[in-house]
Each structure stands twice: as C-alpha cells, then as structure tokens.
Amino acid sequence: MGDNVVHLHKNTDPPADTATVTTLTVVPEPAPPAPVPLWLRSGQVIKAAATHENTKAIVRGVARHSLYTVNGGRIVARRTWDGRTGSRYERYMRAAEAAGNMELAAEWEERLQRFRDARHRRRMDLLHSPMDVAKGAAVGAGMSIGLLVALGVVMALNTKQVGDVITPLSATIEFIGTLMRIVQIVWGPAITIGPFLALLALWAVGRKQQAAPQWALPANVRSGEGEPITPSIVVKAFRDLGIAPLKNAIKEMGDAGASMLGPIRIAGCGVEVDVTLPSGVATNEVQNRRRKLAENLTRHEHEVFITIPEAARTVRLWIADSGALDEPIGPSPLVTDETITANYKTGKAPWGRNLRGDAAELSVYQRHLLITGRSNQGKTAALRALALWLALDRTVQFWIADLKGVGDWSMFDGIAEVLIEGPSDDHVIQATEMVEAAVEEMNRRIEVRRTDPAAVFPPLIVNVDEAQVAFMCPVKGEDGRPYGGAKATSRYFMAVRKIHNQGRAVDVLMWQGTQDPTDQNLPKLVREGAHTRASLVLGTETQSRMALGDKAVDDGAAPHLLRQGLDKGTLVVASDGIQMPAGQSSITVRTHFIDDEPAAVIADRAKALRDGVATLRVVDQGEERDALADVATVIGDAARLRTNEVLKRLHALDPKVYGDQWTNDRLKALLEEHGEEPKKSHGVMVVHRDHVARALANRDTDGSASAAQ
C-alpha cells in the first residue's frame with residue numbers, strides 16, 4: 001500500500017499560493033448592413049416589374065393592337081388610293097418588267113390606258129352634272145308634288161271632303177319632319193361613337209393581315225413552328241436569301257413579289273409552288289441556298305425540296321408540313337393484300353410513297369437496276385421489295401448472289417435457280433461465273449431470236465447485292481484475269497457490261513445493289529448502264545452524281561442532303577419506269593419496309609405459284625461432280641424438263657465442268673449408260689424426273705458412278 005490518498009470530494013477553495021488569471025474576449029456584434037438606397041431599391045423593383053413575363057405580354061398586346069389600328073389605316077388608305085388611281089396597274093407593270101416579262105408588262109400598260117380613258121370620261125361628265133342634277137331635282141320634286149295632289153283629289157272625290165286634297169302632301173311633309181327629328185336625336189351619339197367604330201374597322205383589317213412587327217405578334221404566330229405557307233412568307237423567304245439581284249427585283253415589283261408565285265397547291269403532307277425567278281437570277285443560285293431558304297420558311301433543310309421543271313427560270317418547291325416526314329408511311333401492299341399479283345411486262349411494283357403521299361410504283365420491264373447508298377440505310381430492303389413483288393410472276397427466273405451473306409435473301413431458296421450467299425473471294429468467283437453464265441444465256445437467246453424473231457423468253461433477273469465486293473475482289477483466275485476491278489480485263493466488270501449492252505433485248509436484266517459509290521467500287525460504265533438508278537443517303541454531291549447522273553443532280557436531286565440514320569428507306573430515283581411530275585428528272589420515294597418474317601410469307605406465296613425450283617447453292621471449286629446426281633438436282637420437283645433447260649441449269653451450277661462440251665448428245669449418253677434416255681414430248685426432247693431416279697437406282701445397284709470429266 002502506498003501513501004497516496006484519493007479524495008472523493010472536490011476542494012473548491014483555490015490554493016493560496018496559486019494566482020488565477022481569467023481572460024475575457026469580447027466579440028463585437030456584426031455591424032448592421034448599410035441601408036440600400038431608396039433609389040436602388042426602387043430601380044430593382046421597377047426592373048423586376050418591367051422584365052416580368054406578364055409585363056412583356058401586356059406591352060406586346062398594347063403594341064400589337066395599336067399597330068393593328070395604325071397599319072389597318074394604311075392598308076385601307078392604300079386600297080382606296082389603288083381604287084381611285086392607276087397605281088395598281090403601274091405596280092403590276094413594274095413587276096412584269098422586273099421579272100423580264102415584257103409581254104405581260106405591255107398588257108398591264110394597255111389596261112392602265114383604258115382605266116385612264118374611263119376616268120377622263122367620268123371627270124368630263126362631272127362638268128355637266130350640276131345642271132343635270134338641278135334639273136333632275138326640280139323635275140322630280142314637281143312630279144312628286146303633282147302625284148301627291150292627284151292622289152289627294154282622288155281621296156276628296158271619294159270622301160266628298162275638299163280638305164283631303166292636301167292630305168297626302170301634308171302626310172309626306174310630316175314624315176319628312178319626323179325623319180329630321182330622328183336624325184337630330186341620333187346625330188349627337190353617332191358623332192361620338194362613329195370614330196370608335198371607324199377605329200374598330202381599321203383594327204379588324206390590321207388584325208386580319210397580321211399588320212404588326214414580329215416581336216409584337218402572339219407566341220404561336222411569332223415562333224413560326226409549323227407556320228402555314230402563304231405567298232407573303234414564300235416571297236419574304238426568297239427576298240432574304242442573300243441574292244442581291246433577286247432582292248432588288250422584289251423591291252422594284254409593285255406587288256411585293258407576288259407575281260413570281262404560281263398557285264400554292266396541297267401536295268401530300270406538304271405544299272408545292274412554282275416560283276418564276278426575275279431576270280438575272282439563276283436557278284442554281286437558289287438550289288445552293290437550300291438550307292437558308294428552308295430556315296426562312298421556318299422548316300428544317302430536309303423538309304424543303306427544290307427541283308427544276310420545264311419552265312425557264314423557274315424553281316419548284318415542295319415544302320413539307322413540320323415533322324410530317326418523320327411519320328411512317330405504313331406497310332407494303334405486299335404484306336397487307338394477299339391477293340396482289342405481279343406482271344413483269346405490264347405491272348408496277350408497289351415500292352412506297354412519294355412526297356405528295358401518292359403511291360410510288362416502279363416498272364421493271366426491260367430495265368437494268370442500280371441501287372446505292374451508305375451502309376445500313378435500307379438498300380437491301382428496297383432491292384428485295386422489288387424482287388419479292390416480281391417473284392409473284394411465275395414466269396420470272398432469278399439468279400441471286402448476296403455478297404453480304406447474312407441471310408437477307410434466304411427466303412428465295414426455292415424461288416431462285418441460283419442463290420449464292422457469302423462475302424468471301426470464293427463467293428465472288430461464283431457470282432462472277434453466274435454473271436458470265438447469264439451472258440452465255442443472253443447470247444443463246446440472241447441466236448434464237450435471229451432465226452425466230454417471234455421467239456419469247458422467260459425474264460431472267462441476275463441480282464448481285466453488295467456488288468462493291470465483286471468490283472474490289474483482288475483474286476485472279478487461272479488465265480491471269482482478275483475477277484474484280486474496273487478494267488477491260490476484269491471478268492465481273494466485262495460480264496456486267498455485256499448484259500447492260502444487249503441483255504434487255506432478250507429480257508436478261510442486271511440488278512445491282514452497292515454502297516458508298518466510288519470510281520473503284522462502281523465504275524462509270526457500269527453505273528451509267530442502268531436504266532433505273534436510285535440512291536439512299538450519300539456523303540457528298542460527287543457521290544450523288546455517280547449514283548444518279550449529272551442531269552438529275554443539276555435538276556435538284558440531292559441524296560447527299562438526306563439525313564444519315566433518320567431517312568432510312570428514302571430513295572431519290574431517276575428512271576422512266578416511275579411516274580413523276582412533268583419536267584422533273586428525279587423523284588423522292590419513301591419505300592415500304594418489309595421485314596424478314598413478312599418477306600418469308602410473301603416468298604412462300606411465290607413458291608406456291610411455281611412447280612418447284614431446285615435452288616443451286618455454292619459448291620467448292622475443286623469438288624468432283626456427280627453428273628447424274630446433278631441432273632436430278634437441277635430437275636428438282638418438276639415432272640420433266642426440256643433437255644436444253646437441263647443443260648442450262650447444269651451450266652449455271654458449275655460453268656467450268658458443264659461448259660460447251662456438254663451437249664444434248666452427251667446428256668443422252670449419260671442417261672443411256674444407266675438404262676434411260678431422253679424422250680420426246682410434243683415434239684421436244686425432255687428429261688423425265690422418274691427416268692433419272694431410275695437411272696440413279698440402276699447405278700447404285702450396279703455399284704458404278706459416272707463422274708463428269
């Protein structure tokens with residue numbers, strides 16, 4: 001135990017020898033803020049009140065209605081002046097002169113002279129009118145008094161009272177006195193109220209004409225969003241384009257430029273108007289300012305389309321309703337109408353709708369086709385929609401190469417006689433050989449036509465989607481010739497050119513879909529060989545010229561101004577196979593989108609119309625061919641085929657193996673080797689499916705196989 005003691009009670013007495021020092025810190029209260037001067041507080045209140053929305057609305061309302069009255073007076077005064085003078089005719093004459101229409105100016109000058117002559121005659125008549133009026137008044141008064149006295153005499157004779165002679169006259173005098181008393185009573189209030197009624201009438205005129213500055217107009221009018229297109233808005237939009245000769249000409253026109261405009265017509269989801277430009281202003285100057293013109297019309301750039309009709313110095317505007325082009329156009333008739341049919345020669349494919357909202361239908365009869373555009377904008381869908389419609393014509397044959405190979409064309413298995421799917425060099429080789437086989441078929445048909453001018457052939461559509469893959473393929477064949485490229489040595493390029501040159505005469509047509517065109521992946525001679533050229537959104541005007549040609553772009557076609565991703569499926573089409581307004585060389589079409597599932601349903605309808613088509617697929621180049629099995633494959637579900645048709649299908653299956661050496665005699669020898677041979681049906685040699693099946697059975701029984709050498 002230690003000696004330390006812990007005390008439980010606190011000792012409150014401080015030690016005597018310890019000095020305690022306490023320091024107090026006095027914190028002063030914060031100084032009161034300086035009073036805000038009265039003038040400053042008043043200014044803040046006034047500023048808040050002046051900038052409040054209610055105050056702005058009141059100021060705009062007062063200014064608007066005041067200016068309605070003032071400008072209404074100006075409008076009435078101008079109308080009165082126009083009615084009493086020849087200023088109206090002078091304005092129209094100056095407007096015609098500014099527009100360079102001297103014939104119209106002379107006509108207005110003649111009308112002005114006739115007006116002046118009539119006015120002169122009226123003024124000359126006024127020199128004699130006081131005497132005529134006085135004489136007329138005296139004669140009228142005398143006749144009236146005489147009539148009243150005569151009436152009084154009749155009354156006096158009837159009543160036997162002499163005083164009744166003046167009764168009608170006195171009654172008339174009393175009536176006139178009553179009218180004068182009424183006028184005396186009404187005159188005072190009328191003098192007081194009359195000016196207010198006159199101001200109200202002027203206000204009504206100004207309000208109807210929206211005769212007030214833009215800032216003073218109501219919000220729904222001032223914003224301009226969705227503003228209806230009127231002549232004054234169109235003229236103002238042209239005046240503010242920044243083209244000095246155009247602006248000066250409009251100022252000189254007495255009618256403020258209204259004579260430039262044709263009628264504004266409702267056209268689908270927008271309006272259409274022709275604008276005749278004054279002398280000295282070129283149409284391309286307006287085309288080059290499309291965005292500024294659209295914004296002057298309170299529209300987005302993609303909502304205004306400018307084309308050049310046949311009339312000289314004229315631009316045709318199609319102006320969409322605000323936001324209308326972002327609305328869907330509805331499903332394709334191919335999806336909604338299961339009874340729809342196709343006819344290659346006389347029919348038209350229901351492709352979509354034009355900007356007017358009318359159905360856009362395309363004829364494919366003897367027309368090569370090219371569709372281009374940027375990737376993922378609807379090129380394959382637009383091309384496939386045409387093929388799906390045409391597949392409903394059972395006479396049409398399809399050879400298809402899909403060099404994307406993701407199944408976009410798989411539903412044509414059972415419709416197309418050849419279907420190649422894949423992006424590899426081997427697929428390009430197969431596609432090239434398919435097109436070359438089409439050239440041989442074309443040549444065969446031409447030879448038949450020479451001996452029989454009346455010969456008719458089933459249409460053959462050779463369709464290559466993603467054709468840029470073929471043009472860009474670097475692979476060379478055994479002979480050293482490249483499959484791709486744009487030179488005379490290119491196999492694909494030359495095959496397409498040959499079909500373009502002569503194919504349409506015998507209904508062998510080339511359809512191609514390609515993306516992002518350049519001179520390398522879409523050579524000039526190939527793109528200009530297409531009769532129908534269509535383009536989705538592109539990046540530059542140069543590409544638009546590649547896709548559609550110079551004339552279409554010069555006349556207003558502008559796929560490079562479409563919106564990437566937003567205008568999917570919107571095509572600018574240059575073709576004589578589609579109806580378009582007179583004088584235009586292109587038309588914009590919003591195509592129907594047919595998804596994979598409905599496309600498969602339409603394809604099933606097309607298959608049901610056919611006897612059964614054995615679709616030939618891609619095979620390896622070095623694969624050994626079983627000729628007899630290949631004959632059975634190309635016959636498919638058909639009961640019999642002509643021998644030349646069998647040979648043609650064999651050639652399409654493998655042009656290298658089944659080339660020129662395969663003839664009717666060799667086919668006959670192949671079947672006879674296994675106990676069968678071609679037979680005649682209605683005078684034509686045919687191969688029966690059952691006979692080929694028996695030949696295969698006989699061969700399997702014998703344990704032998706015949707391979708094509």
Side-chain angles (χ1 to χ4, degrees), residues 344 393-399 414-418 433-434 436-462 503 505-508 609-616 619 625-702 704-709:
Y344 162 74
D393 184 343
R394 59 182 300 175
T395 65
V396 179
Q397 301 173 347
F398 290 92
W399 294 3
I415 299 176
E417 297 179 359
V418 179
E433 293 175 345
M434 178 190 77
E436 290 175 336
V439 173
E440 294 182 11
E441 170 63 14
M442 175 188 71
N443 293 333
R444 183 191 69 80
R445 295 184 178 191
I446 292 174
E447 290 299 324
V448 173
R449 183 67 61 82
R450 287 176 180 172
T451 58
D452 181 10
V456 178
F457 308 101
L460 173 59
I461 305 299
V462 184
V506 289
D507 292 307
V508 176
L609 298 174
R610 300 167 187 259
D611 293 332
V613 177
T615 299
L616 307 182
V619 295
R625 308 309 306 239
D626 184 342
L628 192 58
D630 285 344
V631 171
T633 299
V634 298
I635 291 178
D637 297 333
R640 60 180 180 271
L641 281 179
R642 292 180 298 175
T643 53
N644 60 352
E645 181 68 18
V646 173
L647 291 173
K648 183 184 70 175
R649 293 187 178 190
L650 287 173
H651 186 274
L653 177 63
D654 195 330
K656 286 187 175 181
V657 176
Y658 302 110
D660 295 336
Q661 70 273 18
W662 270 84
T663 62
N664 287 333
D665 292 337
R666 184 165 183 178
L667 178 60
K668 180 180 179 182
L670 173 67
L671 296 176
E672 289 177 344
E673 182 181 350
H674 300 289
E676 301 292 339
E677 62 177 341
K679 306 290 184 181
K680 279 193 175 183
S681 176
H682 300 88
V684 180
M685 294 297 294
V686 298
V687 178
H688 290 265
R689 181 183 60 191
D690 295 341
H691 296 178
V692 177
R694 285 201 301 268
L696 283 170
N698 295 337
R699 184 191 68 177
D700 294 340
T701 301
D702 296 340
S704 60
S706 296
Q709 302 300 323

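Any value given below was found using the heavy atoms of this structure, including those in side chains, with hydrogens, waters and symmetry copies removed. All figures in this text were calculated on a predicted structure; none of them were measured in a lab.
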Glu645/Arg649 under salt bridge (Lys or Arg N to Asp or Glu O under 4.0 Å): CA gap, chis, key distance, verdict: CA-CA 6 Å; Glu645 181 68 18; Arg649 293 187 178 190; 3.2 Å; yes

Test log, rule side chain to side chain contact (heavy atoms under 4.5 Å, CB included), inputs Thr643 and Val687: CA-CA 6 Å; Thr643 53; Val687 178; 3.8 Å; yes

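Residues Val508 and Ala438 approach most closely at CG1-O, 4.2 Å, considering heavy atoms. The two residues Ala455 and Val448 have their closest heavy-atom pair at CB-CG1, 3.9 Å. Nearest heavy atom pair, residue Val418 against residue Met434, reads CG1-SD, 3.8 Å.
To the nearest 0.5 Å, atom CE of residue Met685 and atom CG of residue Leu667 are 9.0 Å apart. The CG atom of Asp507 sits 8.5 Å away from atom CD1 of Ile461, with the distance rounded to the nearest 0.5 Å. Rounding to the nearest 0.5 Å places CD of Gln397 at 11.5 Å from CZ of Phe457.
Here Glu436 pairs with Arg491 under the side chain to side chain donor-acceptor pair (under 3.5 Å) rule; sequence neighbours left out. Residues forming a side chain to side chain donor-acceptor pair (under 3.5 Å) with Asp393 (at least two apart in sequence, or on another chain): Thr395. Legend: residues meeting salt bridge (charged side-chain N to carboxylate O under 4.0 Å, His left out) with Arg640, ordered by chain and number and at least two apart, are absent. Remark: His691 engages Arg694 in a side chain to side chain donor-acceptor pair (under 3.5 Å) (not counting sequence neighbours). Residues satisfying the side chain to side chain donor-acceptor pair (under 3.5 Å) test with Arg445, not counting sequence neighbours, are Glu441.
A side chain to side chain contact (heavy atoms under 4.5 Å, CB included) with Asp630 holds for exactly one of Ile635, Val646, Leu650; it is Leu650.
Within the structure, every pair that satisfies the salt bridge (charged side-chain N to carboxylate O under 4.0 Å, His left out) test and touches residues 446-456, not counting sequence neighbours, is listed here: Glu447-Arg450.
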